Structures are given as structure tokens and as C-alpha cells.
Asks: 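Following this message is one structure expressed as C-alpha cells.
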Amino acid sequence: MPINQYNNKKDGAAIVGNSLSFGEGQSCDEKTISSVLSSQTKYNFYNFSGRGFSGFQEIVNFLVFKNKVKNLKKIIVISGLNDSILPFFVKKYNSYLTPTFGYEKFSKVMNNASRGWKNTMIKFFLNKFLKKNDEFWLRVNSLNWKDEINHKNDMIEMEDTRNTEEKMQEIFTRNINIWSSLAKGMNVDIDYILQPVGSWCKSIQTNEEKKIFFEEDEIPALKKVYKHVEKDKYEKVKKILKDCLKKESINFIDINEDFNKIEYSDKWLFTSKFHLTDLGSQITSENIINKMKL
């Protein structure tokens, strides 16, 4: 729903998430989760979601646009999928950053852009022997290169020996802690919703869903992503989220549990494993309204 059509008498609320809550798969804006919630609740829901967002990108986007919402009273985070994929899909990333889709390409371009010609020449001639990563070469300059190579510096490179599941848990824990701090600081209610995923729920699929999922599995680029979205990953993600959110006293809703009910077995809810039909968006919105008593 366009901002100029919002009811100015309603309190403001924000939907934060990735492409599912952004509305990819819906036939028009009026069918998105944010629009359905705006029309059926006492809040104007502003959609701050973005395609392919990691959990940390969702936080940053909220910080950029939160001042656009008048009288903000509620935040609903609809997320969980991308942070369960990216630590497994992106092989190398800085431990203090969350990987994003396209992270390796972005990192390469930024590193090349920020490196001077002297640094580039030193790396070209020496790295075949030293085999250092890009972080090391970004620190090196014409004045300190001898000390860096001989490890005479305060920054010692430490290899991250944790397994990928531990990294995933750290990402979820950090993001939820940030959301908790923001909500408390702004004095707004916050709820976290684990988004529905086709391979996590709908044990009984419609013919349309079967055909779509089968065709997606035949696409090599998608297969590389989908192999990280198996059913046991769902159970691990759910447990991590429940534990973290309980610790921060944030309400948790799992839409996958609702979609797996027998009453929805003959309903076409997914346009892809990651995105919803208009009906899927409507059912998600109805469950949010009922469980949160909006």
C-alpha cells in the first residue's frame, strides 16, 4: 500500500525481512504481508524488507528508514532463512561480518579498489610464497611491509576454527541481541517470525508446488543454494532461534508449523521454495494477526 494511502490515525509498524516479506511472488502490492496487515489491523505496516537480505542487512535497512515511520509502535521481523544458508554457501568471510549473497564478488572488487599500485605489486610478487589473505594485504603498505611479513605487529592473524553451525548460531545470537537492544531503546514491541520455506514445511505438496520445486532442483545455480536448506537445518535453526529469543524475551512464531497443517495440504502456497503465492501471503498474515492478537 503506498504511503499516501495510509490511515494517519493509525500507529506505525515495520515489517523487516528478506524477499519473502518484501513481496516476491505476490501478484500486486495489495497482496503482500505488509499490505494485508495494514488493511486488517490497527497499524500502518511499512515494508523495510529487501531481496536477498541477510539478517544484518535487515537491521541496517531498518536503521536507515525507521525515521520515516511516525509513532512507531511495533517491529515484526520475518526472517531466518538466509542466515541459515549464507555461512554454508559463502566459504570465506571476515569473522566480524555476516556473509551476504554476492559477498565474494563484492569483497574482491572493494579490495582491488582500495589497494594502491605499490601494494598490488608487492602482493603479486610475494604472495606466491607467503600465501596471505586479502585482509593481510590490505594492512600492508610501503612503510610497514617488513614488520607485517615478519609478524612484528599487534594484529595477529587467527584462523577461525569453529564449525559452520557455530558460526551460524553466532550470527543469529548477535542479530537477535541487536534487535532486543533497539526495541528496548525505542520502547517498541518486537516479534520474530521464522519464515515459511517450501522444503521445511508442506510435507504434502500440491501438483503446482511439486512441479515448481522439481524444476528449481534442475537448475544448477539453485541446487547449490537448496542443498543448504534441508529439513534437519530447519530443526537446528528453530532451536537456536527459540533459545535466543527466549533469553531476550522476544515473542517467537514459526509459520512453518502452520503451513504443515493438514488443512493446508491442498492449498497452493509457494511460487518457489522461498516465496509465497497470494494465498500463502494471506494465510501467513492471518496467522500473524491471530497469534499476535493484532
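In this text the structure is predicted, and so the values were computed from the model without any measurement.
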Asks: Find out whether V197 and L20 are in side-chain contact, i.e. whether some heavy atom of one side chain is under 4.5 Å from a heavy atom of the other.
Replies: no
Asks: Where does the angle between the aromatic ring planes of F252 and Y192 fall among parallel (under 30°), tilted (30 to 60°) and perpendicular (over 60°)?
Replies: tilted
Asks: Checking S84 against V229 for the side-chain contact (heavy atoms from CB on, under 4.5 Å) test, could you report, in this order, the C-alpha distance in whole Å, the side-chain angles of both residues, the deciding distance, and whether it holds?
Replies: CA-CA 8 Å; S84 75; V229 197; 5.6 Å; no
Asks: On the six-membered ring of F213, is K202 placed so that its NZ or CZ lies under 6.0 angstrom from the centre and within 45° of the ring axis?
Replies: no
Asks: Is it true that atom NZ of K31 has more than 12 heavy atoms of other residues, nucleotides or ligands lying nearer than 6.0 Å?
Replies: no
Asks: Anything under 30° is parallel, anything over 60° is perpendicular, the rest tilted; go ahead and classify F48 against F65.
Replies: tilted
Asks: Counting heavy atoms not belonging to K238, are there more than 12 under 6.0 Å from its NZ?
Replies: yes
Asks: Could you check whether atom CZ of F22 has more than 12 heavy atoms from other residues, nucleotides or ligands sitting under 6.0 Å from it?
Replies: no
Asks: Is there a side-chain contact between T284 and S21 in this structure, where contact means two heavy atoms from C-beta onward sitting under 4.5 Å apart?
Replies: no
Asks: Any side-chain donor paired with an acceptor under 3.5 Å for E286 and Q282?
Replies: yes
Asks: Apply the test side-chain contact (heavy atoms from CB on, under 4.5 Å) to residues E58 and N175: give CA-CA distance (whole Å), side-chain angles for both, the deciding distance (0.1 Å), then the verdict.
Replies: CA-CA 9 Å; E58 295 166 1; N175 291 346; over 6 Å; no
Asks: Using side-chain contact (heavy atoms from CB on, under 4.5 Å), reason through M168 and K233 one step at a time and then give a plain yes or no.
Replies: CA-CA 11 Å; M168 177 181 70; K233 173 72 71 63; 4.1 Å; yes
Asks: Determine, stepwise, if the pair I176 / V77 fulfils side-chain contact (heavy atoms from CB on, under 4.5 Å).
Replies: CA-CA 10 Å; I176 290 169; V77 182; over 6 Å; no
Asks: Quick check on the 6.0 Å ring-centre criterion: do Y46 and F62 meet it?
Replies: no
Asks: Is it true that a side-chain atom of W179 and a backbone atom of S181 form a donor plus acceptor pair closer than 3.5 Å?
Replies: no
Asks: Answer yes or no: does atom CG of D266 have more than 12 heavy-atom neighbours from other residues, nucleotides or ligands under 6.0 Å?
Replies: yes
Asks: Without hydrogens or angle criteria, can the side chains of N82 and S54 be said to hold a donor-acceptor pair below 3.5 Å?
Replies: no
Asks: Could you tell me if the side chain of L63 sits less than 4.5 Å from the side chain of K66, heavy atoms only?
Replies: yes
Asks: Is it true that D258 and K291 have a side-chain N and a carboxylate O under 4.0 angstrom from each other?
Replies: yes
Asks: Taking NZ, NE, NH1 and NH2 as the nitrogens, is one of them in D217 or K273 under 4.0 Å from a carboxylate oxygen of the other?
Replies: yes
Asks: Does the pair D243/K239 count as a salt bridge with the N-to-O cut at 4.0 Å?
Replies: yes
Asks: Are any non-hydrogen side-chain atoms of P196 and L269 less than 4.5 angstrom apart?
Replies: no
